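Start at 1 and go down the list; that is how both ligands and their atoms are numbered. The structure displayed is predicted, hence computed values, not measured ones.
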Amino acid sequence: MNEHDSERMKGMLESLGYTETAEQQDAGLILFNTCSIREKADSRFISYLQLAASYKRRDPEIVIGVGGCWAQSVKEDVFRRFPFVDVAFGPGQVHKLAEFLTSESLTAQGFFEFEGFTGHLPEKRARSFQSWVQISVGCNMKCSYCIVPSTRGRQVDRPLDELVAEVRAQVAEGVREVTLLGQNVNAYGREMRAGAGRGSFAQLLHELDAIDGLDRIRYTSPHPQDMKEDVVLAHAELDSVCPHMHLPLQSGSSRILKAMRRTYNRERFLDRVALIREHNPDIALTTDVIVGFPGETEEDFAETLEVCEAVGFDGAFTFIYSPRRETEAAELVADFVGHEVSVERMDRLVEVIQRRAGEQARRFVGRTLDVLVEGSSRTDAARLRGRIGHGKVVNFSGLAEPGEIVPVAITSATSQTLAGEMSLLARALT
Ligand code: 5AD
Ligand code: SF4
């Protein structure tokens, strides 16, 4: 979501006539789009902000802006702590940046209402054939570790017809793959008032699938609580909905899930996985896991390992619990799990995740799969890099342009990436 917002900020600045400088210190405007999901992002940002301040000491004309979730979480305090900041705004107020930059204002200003969709602003895509589409902002869940509900507010959805029109326009410009974005995408439509723009997430998938020229639909992230049969069936029935689902587990212990206020338990999660696989036997499943949540015992953690072992995810993002200001879990100081214990658990978790992901990846070897070419391989410029529908990166030999979808025979697999060769015969037949 943060990356999407950055693309929109860039798009908005370009529409105001700004261009990017090659060197940071040559910029007349230095803008930070901050993330607050874990503490590490915060601390890294503060050191960059200090660097920007040093440029401004040399050239007081430089404008420094701070947007995003960190700004939202500290609000006006930002001007007290960092008096060199000229403008600050939360994720719902990005459009106000344009107002500030085009006004004659000399005083520092802050904008922190939950008001707009960054998805309404001009975009600047990193790749012309892939786009993000923000379907909703905010989140109505109350996960006890999570800062998002306080930085992005309650969930507000964009009307279905508006989203379909936006994707249609993107496809006309050459987009082949969209990633639908929301904090809880499968709760889409639930809180909308009846009317023309109303629809469920599954309906949205159906309508987008009907757009000619759109090859791939991805989305992130759904909540296991709201993963119902209609969305599961959409994966099975709709060609453009990718055979990949990112379904955040967070913990395999029902006791910890309850303390996290995740609203499902271990059995319910496993039951969702069974339903998904019943209709989509080949689907790739990835997840998010937090270790060291306050009060997590060795037994709780062992249950997380068990679930990861049993599901066999195709990949996972793993995080050490990070206390966030004004969240319920951050109050449980007496139950904090020490850093050393968390690191040790993380190592054991990563071992299970990688081993199972490696085992899963072997099912692709020997198959010829469509790959959306993204560019050249990061490790060998003579080879190409792209993704299969399941989301796995493939490095392969062949000749193709970024944005093309080509058949690739998969020859080997590791837990992270696949390798292969472009299949010329298959290509000639397509
Ligand atoms: N500490 C650690 N991980 C967190 N996440 C969200 N909040 C925290 C936190 N306080 C993780 C969750 C979520 C992902 C986006 O970030 O796993 O799914
Ligand atoms: Fe945070 Fe939970 Fe909402 Fe995800 S569902 S954004 S983890 S509160």
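A salt bridge links Arg255 with Asp300: the distance from a Lys NZ or Arg NE/NH1/NH2 to an Asp or Glu carboxylate oxygen falls below 4.0 Å. A salt bridge is absent between Arg216 and Asp370; no separation between the charged side-chain nitrogens and carboxylate oxygens falls under 4.0 Å.
The shortest heavy-atom contact between Cys69 and Arg152 is SG-NE, 3.7 Å. The two residues Arg218 and Arg387 make their nearest non-hydrogen contact at NH2-CB, 4.5 Å. Nearest heavy-atom pair, Tyr321 versus Arg324, reported as atom, atom and distance to 0.1 Å: OH-N, 4.4 Å.
One option in Ser322, Ala316, Ser221, Gly292 has a heavy atom closer to atom 1 (N) of ligand 1 than any other, and that option is Ser322. With atom 17 (O) of ligand 1 as the reference point, the heavy atom nearest to it among Gln250, His246, His223 is part of Gln250.
When heavy-atom distances to ligand 1 are checked against a 4.0 Å cut-off, Phe319 comes that close only through its side chain, counted from C-beta outward.
Qualifying side chain to side chain donor-acceptor pair (under 3.5 Å) partners for His246, counting only residues two or more places apart in sequence or in other chains: Thr286, Asp288.
For the pair Asp271 (side chain) and Glu267 (backbone), a donor-acceptor distance under 3.5 Å is absent. Judged purely by atom type and a 3.5 angstrom limit, Gln360 uses its side chain to pair as donor or acceptor with the backbone of Gly312. For Asn186 (side chain) and Asp226 (main-chain N/O), a donor-acceptor pair under 3.5 Å exists by modelled atom type. Under a 3.5 Å cut-off, the side chain of Arg272 and the backbone N or O of Met227 do form a donor-acceptor pair.
When hydrogens are left out, the protein atom nearest atom 7 (N) of ligand 1 is Tyr145 CD1, 3.3 Å; that is the closest non-hydrogen contact. Of the protein's non-hydrogen atoms, the one nearest atom 15 (C) of ligand 1 is Asp288 OD2, 3.9 Å. Ile320 O, 3.5 Å is the protein heavy atom nearest to atom 2 (C) of ligand 1. Protein heavy atom closest to atom 4 (C) of ligand 1, with residue, atom name and distance, is Ile290 CD1, 3.7 Å. Regarding atom 7 (S) of ligand 2, its nearest protein heavy-atom neighbour is Tyr145 OH, 3.3 Å.
For atom 3 (Fe) of ligand 2, the count of nearby protein N/O/S atoms, taking only those under 2.8 Å, is 1.
Annotation for ligand 1: atoms under 4.0 Å from non-hydrogen atoms of Tyr321 are 1 (N), 2 (C). Contact atoms of ligand 1 toward Arg324: 10 (N) (distance under 4.0 Å to a heavy atom of the residue). Annotation for ligand 2: atoms under 4.0 Å from non-hydrogen atoms of Arg262 are 2 (Fe), 5 (S), 7 (S).
Between Arg38 and ligand 1, a contact under 3.5 Å exists for at least one N or O pair.
Residues His223 and Phe201 keep their aromatic ring centres 6.0 Å or farther apart. Taking the six-membered ring where the residue is Trp, the centroids of Phe45 and Phe32 are separated by under 6.0 Å.
Heavy atoms of Thr327 come nearer than 4.0 angstrom to ligand 1 in no pair at all.
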